[in-house]
Amino acid sequence: MNIWHVLGAGSLGGLWAARLARAGLPVRLILRDQARLGQYRAVGGLTLVEDGLASLHPIPAETPHTGIPIRRLLLACKAYDAEEAAAELVPRLAPGAEIVLLQNGLGSQEAVAARLPRAQCVFASSTEGAFRDGAFRVVYAGRGHTWLGVPGERRAPAWLNDLSAAGIPHAWSADILAKLWRKLALNCAINPLTVLHDCRNGGLRDWPDEVAGLCDELATLLRAAGQDEAATDLHQEVLRVIDGTAANYSSMHQDVANGRRTEIGYLLGHALATAERLGLHLPRLEHLLQRLREYLTGRGLPVT
Ligand code: NAP
């Protein structure tokens, strides 16, 4: 049975690692460096808080440069850390190693795959929600679903059984790029505006024309990028998400409010880089990116 190496014992990485370990599957965490490893050992393991109940999982951990060869890896860092984190592990990857990429947005997956040509990269798109409320403590905040897939590959690999055993809600997608593009488009239509208007998702009901204009350009981009399915009824779904999550702050709003780097380069930034490559001029989205970058710069946050 292959060991699940999990790089990044953050919110989603911790959530996956704890559930896999709880099901009796072999798991090892890969932490940044000796200092993080020392902090982890001091707290005695990873704590998962689920339905208000905390459970401690003493999962073995190591740094990137030590340990046994890696045959299966869950890369659970942010999109902007993914390429560098994956590159560090190259000497440890067994030929044909399976790597699940949990990053939101697009762009980081291709960068990782280019660094690891001998690995099998599986893209994932998740609607699960988790956050950290302490050192190596993860709160399971929102039930959701994870789509996994390899572009062009219709058949699911046998190791997905591990996810079923661990109770991780998931399904194989024969068109994972469509899922990732759709999620990216929803994010581009909602998250930057919630930052600029400093509001909850529901606050965007006050800006219907702005939302509609962005959806129009996003649908144009998706179709030009060959993602017709992801473009279908985009505006209606954006409005549904705004209503369904009206009381929530978007992840980008939360990042900015907490002074954390956003994943903008892999969301709106990626959308506009793709538009440029396709020779498309999308003035509303371009103006949105410009305003967002000015806003982030004003708060001392990275704009990529
Ligand atoms: P997170 O809580 O910030 O966790 C990221 C983890 O990666 C941190 O523990 C960080 O370590 C670690 N890391 C970064 N570089 C590393 C390296 N070189 N070596 C070892 N560890 C490294 O992030 P997250 O919320 O789980 O998000 C991960 C991805 O999932 C993002 O793309 C996000 O958009 C996506 N996602 C998240 C959620 C959610 O609810 N959280 C939902 C859907 C999608 P340090 O602690 O040392 O910094």
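In each ligand, atom 1 is the first atom listed, and ligand 1 is the first ligand listed.
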Out of L89, L75, V138, L7, indicate the one that has the non-hydrogen atom closest to atom 22 (C) of ligand 1. L7
Is the backbone N or O of H145 less than 3.5 Å from a side-chain atom of T127, with the two atoms forming a donor-acceptor pair by type? yes
Out of E263, R132, K183, who is nearest to atom 1 (P) of ligand 1 when you count heavy atoms only? R132
Quick look: A9 vs ligand 1, heavy-atom contacts under 4.0 Å, and the answer is backbone
Under a 4.0 Å heavy-atom limit, does L12 contact ligand 1 with its side chain, its backbone, both, or neither? both
Closest non-hydrogen protein atom to atom 18 (N) of ligand 1, residue and atom name please, with distance? A85 CB, 3.6 Å
Please check if the side chain of E88 supplies one atom and the backbone of R32 the other of a donor-acceptor pair under 3.5 Å. no
Just need the protein heavy atom nearest to atom 15 (N) of ligand 1, so name the residue and atom and give the distance. R32 NH2, 3.5 Å
Under 4.0 Å to a heavy atom of E128 - the qualifying atoms of ligand 1, by number: 40 (O), 42 (C), 43 (C)
Of all heavy-atom pairs between I168 and H170, which one has the smallest distance, and what is that distance? O-ND1, 2.7 Å
Heavy-atom nearest neighbour in the protein, as seen from atom 24 (P) of ligand 1, with distance rounded to 0.1 Å: S11 CB, 4.0 Å
Please work out which of G10, P64, A130 has its closest non-hydrogen atom nearest to atom 40 (O) of ligand 1. A130
Does E88 reach ligand 1, in the sense of a heavy atom lying below 4.0 Å from it? yes
Under 4.0 Å from ligand 1, counting heavy atoms only, is it the side chain of A76, its backbone, both or neither? backbone
Which residue supplies the protein heavy atom nearest to atom 23 (O) of ligand 1, what is that atom called, and how far is it? K78 CE, 3.5 Å
Just wondering, are more than 12 heavy atoms of other shown residues or ligands nearer than 6.0 Å to CD in E84? no
Among all protein heavy atoms, pick the one closest to atom 43 (C) of ligand 1 and tell me residue, atom and distance. S126 O, 3.5 Å
Assess whether atom CD of Q39 is packed by more than 12 heavy atoms of other residues, nucleotides or ligands within 6.0 Å. yes
So I176 and W147, do their side chains get closer than 4.5 Å, heavy atoms only? yes
Decide if atom CH2 of W159 counts as having more than 12 heavy atoms of other residues, nucleotides or ligands within a radius under 6.0 Å. yes
For atom 35 (C) of ligand 1, the closest protein heavy atom turns out to be L102 O, 3.9 Å
min-distance protein heavy atom vs atom 46 (O) of ligand 1 -> R36 NH2, 2.6 Å
For ligand 1, which atoms, with element, lie under 4.0 Å from some heavy atom of I30? 20 (C)
What is the ring orientation for W4 with W16, classed by angle as parallel under 30°, tilted 30 to 60°, or perpendicular over 60°? tilted
Short list, please: which atoms of ligand 1 are under 4.0 Å from a heavy atom of G129? 40 (O)
Atom 29 (C) of ligand 1 [closest protein heavy-atom partner, distance rounded to 0.1 Å]: C77 O, 3.6 Å
For G8, the atoms of ligand 1 under 4.0 Å from one of its heavy atoms are 6 (C), 7 (O), 12 (C), 21 (N)
Name the residue from E229, Q227, E237 that meets the side chain to side chain donor-acceptor pair (under 3.5 Å) definition with R182. E237
Does the ring of Y295 carry R291 above it, NZ/CZ under 6.0 angstrom from centre and within 45° of its axis? no
Please find the pair of heavy atoms, one from P64 and one from R92, that lie closest to each other, and give the distance. O-CD, 3.0 Å
Give yes or no for whether the N/O distance cutoff of 3.5 Å, strictly under, is met between L31 and ligand 1. no
How about CZ on R71, more than 12 heavy atoms from neighbouring residues, nucleotides or ligands closer than 6.0 Å, or not? no
